[in-house]
Amino acid sequence: METAKILELLNAGHWLRAGARDLPEVSALLMKTADACHEFNLLKPSMTGRRENMLREMLGSVGDGVVINSPFRCDFGFNIHIGNNFVGNFNLCILDEAEVTIGDNVLIGPNCSLITITHALDRDQRNEGIMSAKPIVIGNNVWIASNVVVLPGVSIGDGAVIGAGSVVTKSIPAGMLAVGNPCRPLREITDADRVELLSE
């Protein structure tokens, strides 16, 4: 089966044998992106222009005002689409065997993982490289706090906040504060959550 077809089927959520050791062309794509991530992570934080250019070369699409702090790691890169005004903090990992779509004004804290890929539970199938993937969608104005894991097939609605240390196994509605393992909506975020600023 051609590499493009394998990636298309994987992105569509089908179970198939897609282990990199059995698919040299897929392995080569993964290695190319691993090298690009390595190069990106070696750049000084002050090299903002070069860092932005590398992200635009590596990822599927990138809006304006996008900052990703090193270290950063992804699998293919071309399945990642990021809107405007994005901050991905240190140690962001995106396993993008399926598409990952991130809206505008999104903050992701340190040590977070967005995982689209899953492996077969049966050990023999798992050892044969049987896997599938499901897309992740993160809406606009979302804050994902530190040490959060987002699993395959999850959508996070506009304006939601995901509490630190959460494991997001199911989709979260818009405008909700959600926490825990597994992550569950705790309550709606309202005007009562606005904070008082010190007088200037």
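All figures in this text were calculated on a predicted structure; none of them were measured in a lab. Along the sequence shown, the residues carry numbers beginning at 1.
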> Going through the distances and angles, do Leu59 and Val66 end up as a side-chain contact (heavy atoms from CB on, under 4.5 Å)?
Replying inline: CA-CA 12 Å; Leu59 306 184; Val66 170; over 6 Å; no

>> What I'd like to find out is whether the side chain of Pro182 reaches to under 4.5 Å of the side chain of Val167, using heavy atoms alone.
In response: no

> Would you say the side-chain atoms of Ser113 pair up with the backbone N or O of Ile115, donor to acceptor, closer than 3.5 Å?
Replying inline: no

> Looking only at atom types and distance, does a side-chain atom of Arg126 sit under 3.5 Å from a main-chain N or O of Ala120, one as donor and one as acceptor?
Replying inline: yes

>> Tell me which one of Ile80, Val26, Leu30, Leu29 satisfies side chain to side chain contact (heavy atoms under 4.5 Å, CB included) with Asp75.
In response: Leu30

>> Nearest 0.5 angstrom please: Leu114 CG to Cys93 SG, how far?
In response: 8.0 Å

>> Would you say Met176 ends up clustered with Ile138 if hydrophobic residues are merged whenever their side chains have heavy atoms under 4.5 Å apart, either directly or through other cluster members?
In response: yes

> Looking only at side chains, do Asn105 and Asn85 share a donor and an acceptor under 3.5 Å apart?
Replying inline: yes

>> Any non-hydrogen side-chain atom of Cys112 less than 4.5 Å from a side-chain atom of Val148?
In response: yes

>> Is it the case that over 12 heavy atoms from other parts of the model lie below 6.0 angstrom from the CZ atom of Arg56?
In response: yes

> How long is the span from the OG atom in Ser155 to the CD1 atom in Ile136, to the nearest 0.5 Å?
Replying inline: 9.0 Å

>> Within this structure, what is the CZ-CG distance for the pair Phe76 and Leu10, rounded to the nearest 0.5 Å?
In response: 7.0 Å

>> Hydrophobic cluster membership, with links at side-chain heavy-atom distances under 4.5 Å among I/L/V/M/F/W/Y: are Leu55 and Met47 in one?
In response: yes

>> For the backbone of Gly180 and the side chain of Ser166, can you confirm whether one donor and one acceptor N or O come within less than 3.5 Å of each other?
In response: yes

>> Side chains of His81 and Thr101: any donor to acceptor distance under 3.5 Å?
In response: no

>> Is any side-chain heavy atom of Ile172 closer than 4.5 Å to one of Pro185?
In response: yes

>> Would you compute the distance between atom NZ of Lys44 and atom OG of Ser70 and round it to the nearest 0.5 angstrom?
In response: 13.5 Å

> Do side-chain atoms of Asn41 reach the backbone of Phe72 as a donor and acceptor pair under 3.5 angstrom?
Replying inline: yes

>> Within this structure, what is the CG-CG distance for the pair Asn141 and Asp158, rounded to the nearest 0.5 Å?
In response: 6.5 Å

>> Would the distance check show the side chain of Arg184 and the main-chain N or O of Lys170 forming a donor-acceptor pair, the cut-off being under 3.5 Å?
In response: no

> Is there a donor-acceptor pair closer than 3.5 Å between any side-chain N or O of Asp35 and the backbone N or O of Lys32?
Replying inline: no

> Would Val161 end up clustered with Val142 when hydrophobic side chains under 4.5 Å apart are linked, directly or stepwise?
Replying inline: no

>> Taking Asp104's backbone N and O only, do any of them form a donor-acceptor pair with Asn84's side chain (distance below 3.5 Å, no angle check)?
In response: no

>> Let's go through Asn89 and Ser146 carefully: what are the C-alpha distance in whole Å and the side-chain angles of both, what is the deciding distance for side-chain contact (heavy atoms from CB on, under 4.5 Å) to 0.1 Å, and is it a yes or a no?
In response: CA-CA 9 Å; Asn89 217 321; Ser146 62; over 6 Å; no

>> To the closest 0.5 Å, what do you measure between SG (Cys37) and CG (Leu42)?
In response: 11.0 Å

>> Would Phe90 and Asn111 count as a side-chain contact (heavy atoms from CB on, under 4.5 Å) here? Give the steps.
In response: CA-CA 6 Å; Phe90 309 104; Asn111 303 312; 5.8 Å; no

>> Let's go through Val87 and Trp143 carefully: what are the C-alpha distance in whole Å and the side-chain angles of both, what is the deciding distance for side-chain contact (heavy atoms from CB on, under 4.5 Å) to 0.1 Å, and is it a yes or a no?
In response: CA-CA 10 Å; Val87 176; Trp143 173 28; over 6 Å; no

> Would you say the side-chain atoms of Asn127 pair up with the backbone N or O of Arg123, donor to acceptor, closer than 3.5 Å?
Replying inline: yes

